[in-house]
Amino acid sequence: MAHQISQEPLKILEQCRVTPKPGSVPSTTLPLTFFDVPFFFSPPFKRIFFYEFPHPTLYFLQTTLPILKHSLSLTLQHFFPFSSNLIVPPQQPHLSHIRYLDGDSLSFTVAESTADFTLLTSHSPQDAQNWHPLVPTLPSPLVEQDGTRVFPLMAIQVTVFPNSGFTMCLTFHHIATDGKSLHHFIKFWASLCKAKGNLASSLETSLSLPSHERDIVKDPKGLKLNYFQELEHHESRSVEFAGLVGDVFTNTVRYTALLTHEQVEKLKKWVSIKCASYTDGTVHISTYMVLCSLFWVCMIRSEESKSNSVAQNNDEDEVCYLLIPADCRHRPEFSLPSTYFGNCLATCFVAMKKSELVGENGIVGVANAIERLIRDLKNDPLRTVETAMPEFKQFGKSTLIVSGTPKFSVYQTDFGWGKPKKSFAAYIESSGWICLSDCRDEKGGIEVALTHERIRMNRFITIFEEQLHNINKF
């Protein structure tokens with residue numbers, strides 16, 4: 001049974017802008033790379049953190065908020081693209097770039113909510129709209145005199161739940177950077193906040209500074225220009241900016257599946273044994289691989305079958321796609337520092353017929369396909385980057401995108417009030433996504449967030465739990 005919270009209007013306490021200290025960052029222009037361009041029309045990504053804080057709102061405003069804002073200002077001196085804007089010249093999108101001018105800032109909203117904080121932080125299935133009031137929207141773009149469009153890249157909202165806790169939600173456009181850099185920014189901010197704004201102390205004990213050297217991203221094949229040419233024919237070209245289109249989702253339920261370390265290890269052992277009898281050679285079994293396999297198969301099996309047998313046969317011949325991002329910073333072809341700030345993802349995909357996925361060896365088949373994909377990526381990462389845009393066009397309704405990774409360690413994001421009570425990707429609003437993260441209270445455990453229509457979610461949970469039960473008996 002999915003819980004729905006009565007949506008009472010938020011009380012907006014403050015709307016302001018947070019900027020780096022004046023004069024601390026020179027006016028800077030960052031070019032887009034071929035890693036950035038595929039996200040040109042991407043909707044905004046959103047990450048929300050829940051923290052326990054059993055104090056009145058006034059106490060939060062007087063003691064906590066000033067530290068949050070001050071440490072954010074200091075953080076933006078080093079992560080200035082989040083207070084910058086995407087500049088899109090008229091009729092020349094290929095000249096688009098990120099621009100920072102002294103005084104540029106990001107939107108920062110403070111609100112108060114009377115919603116049930118305990119329910120919001122539970123892992124039980126909930127109405128996906130429960131969290132919508134906690135998520136900020138990006139400000140509307142500006143248009144300069146010559147027609148150049150100026151798009152803000154980040155907005156932040158802090159929502160206080162009196163005597164219970166507070167949330168911090170960041171909405172940002174993916175063209176600015178990927179998840180690795182986002183969590184670098186968040187942890188840097190958290191470290192500064194915990195150190196009460198003492199940058200020297202924070203750097204000594206925690207994180208390094210980001211690298212903004214985008215010129216080191218070489219483009220020998222001219223992929224950036226090719227991608228922009230592809231975008232000219234993209235169906236979203238008529239949209240002013242896809243990231244500004246409001247999300248409208250009804251009758252959907254969000255669920256967070258929890259797998260303990262023991263369950264993950266049993267799943268890996270089960271897949272390893274099955275793969276050994278299913279194929280020749282040694283297959284490297286990773287946690288990421290088996291989780292993607294398990295959830296993709298369970299999600300496809302949860303789709304409602306058609307009553308007409310002919311239609312059902314046609315449906316089973318449908319090709320389904322699994323999209324997996326891979327960080328390429330460490331690849332010798334790119335030689336980027338681990339602190340590189342920007343997108344550096346190769347998007348890989350697995351294509352399989354629905355009949356293969358729902359069959360007896362579905363999970364094993366997917367695991368083998370992912371293993372081959374990873375092997376090909378290691379041999380030639382540029383190939384997947386080069387073909388990414390054309391391949392996106394063929395994806396249909398049965399496409400699952402995997403985002404996040406336990407390596408981001410979201411539950412180690414401590415602003416000075418302990419680890420988050422809960423954290424998840426708030427953009428997971430349809431059945432086409434899952435997001436992986438570490439687990440709060442189980443070392444080596446995994447959380448997987450997903451959203452479905454109510455009826456399908458019930459089927460998914462049943463299938464998922466049955467699959468885990470069968471694996472545990474193995």
Side-chain angles (χ1 to χ4, degrees), residues 2-16 18 43-57 60-61 64-65 68-69 72 82 106-139 152 154-173 182-183 185-186 189-190 193 243-244 246-250 252-256 403-404 410-411 413 415 417 419-430 433 435 437 440 447 449-451:
H3 298 282
Q4 183 173 9
I5 293 177
S6 176
Q7 295 294 344
E8 297 184 15
L10 283 181
K11 181 180 179 182
I12 302 298
L13 304 178
E14 180 182 352
Q15 288 184 312
C16 64
V18 176
F45 279 48
K46 309 152 191 174
R47 165 64 67 171
I48 188 167
F49 294 85
F50 293 78
Y51 289 93
E52 293 180 305
F53 194 81
H55 304 287
T57 299
F60 176 88
L61 298 177
T64 304
L65 183 61
L68 278 173
K69 292 166 68 173
L72 174 59
F82 282 138
L106 58 77
S107 171
F108 192 92
T109 301
V110 184
E112 183 182 64
S113 174
T114 58
D116 188 337
F117 184 81
T118 301
L119 177 58
L120 286 171
T121 55
S122 71
H123 290 301
S124 59
Q126 297 184 48
D127 192 295
Q129 297 185 67
N130 286 353
W131 296 281
H132 287 186
L134 312 178
V135 178
T137 57
L138 290 173
M154 176 172 277
I156 297 176
Q157 179 174 318
V158 174
T159 305
V160 184
F161 299 77
N163 303 307
S164 297
F166 67 93
T167 63
M168 288 192 295
C169 187
L170 302 88
T171 297
F172 78 104
H173 201 281
L182 173 72
H183 286 280
F185 161 75
I186 295 171
W189 178 19
C193 186
L244 300 175
D247 295 332
V248 180
F249 298 95
T250 59
T252 54
V253 174
R254 173 183 284 272
Y255 171 64
T256 301
S403 66
V410 296
Y411 285 102
T413 310
F415 282 79
W417 301 279
K419 66 174 64 175
K421 177 68 174 177
K422 187 175 183 180
S423 180
F424 60 80
Y427 58 86
I428 305 298
E429 291 278 64
S430 73
W433 291 82
C435 184
S437 78
R440 183 185 191 275
E447 293 184 5
L450 59 148
T451 303

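Along the sequence shown, residues are numbered consecutively beginning with 1.
With hydrogens and angles disregarded, no donor-acceptor distance shorter than 3.5 Å links the side chain of Lys46 to the backbone of Cys169. A donor-acceptor contact shorter than 3.5 Å is absent between the side chain of Tyr427 and the backbone of Thr171. Using a distance-only test at 3.5 Å, with no hydrogens or angles considered, a donor-acceptor pair links the side chain of Thr451 to the main chain of Ile428. Under the 3.5 Å distance criterion, the side-chain polar atoms of Arg440 are left unmatched by any main-chain donor or acceptor of Lys422. When atom types are taken as modelled, the side chain of Ser107 and the backbone of Ala155 share no donor-acceptor pair closer than 3.5 angstrom. Trp189 places a side-chain N or O within 3.5 Å of a backbone atom of Leu68 that can act as its donor or acceptor partner.
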List the steps, then state whether ring pair (Phe, Tyr, Trp, His ring centres under 6.0 Å) holds for Trp433 with Phe424.
CA-CA 13 Å; Trp433 291 82; Phe424 60 80; over 10 Å; no
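Between the SG atom in Cys193 and the CG atom in Leu72 there is a gap of 9.5 Å [rounded to 0.5 Å]. In this structure, CD1 on Ile186 lies 7.5 Å from OG on Ser423, to the nearest 0.5 angstrom. Rounding to the nearest 0.5 Å places CG of Leu119 at 4.5 Å from CD of Gln126. Put simply, CG on Leu170 and CD1 on Ile48 are 9.5 Å apart, with the number rounded to the nearest 0.5 Å.
The ring-ring contact (aromatic ring centres under 6.0 Å, His included) test with Phe166 singles out one residue from Phe49, Phe50, Trp417, and that residue is Trp417.
Within the 4.5 Å cutoff, no side-chain heavy atoms of Phe82 are placed close to those of Ile156. Considering only heavy atoms from C-beta on, Thr159 stays 4.5 Å or farther from Trp131 through its side chain. A heavy-atom distance below 4.5 Å is found between the side chains of Arg47 and Val410.
When all heavy atoms of Ala449 and Arg254 are compared, the closest pair comes out as CB-NH1, 3.7 Å.
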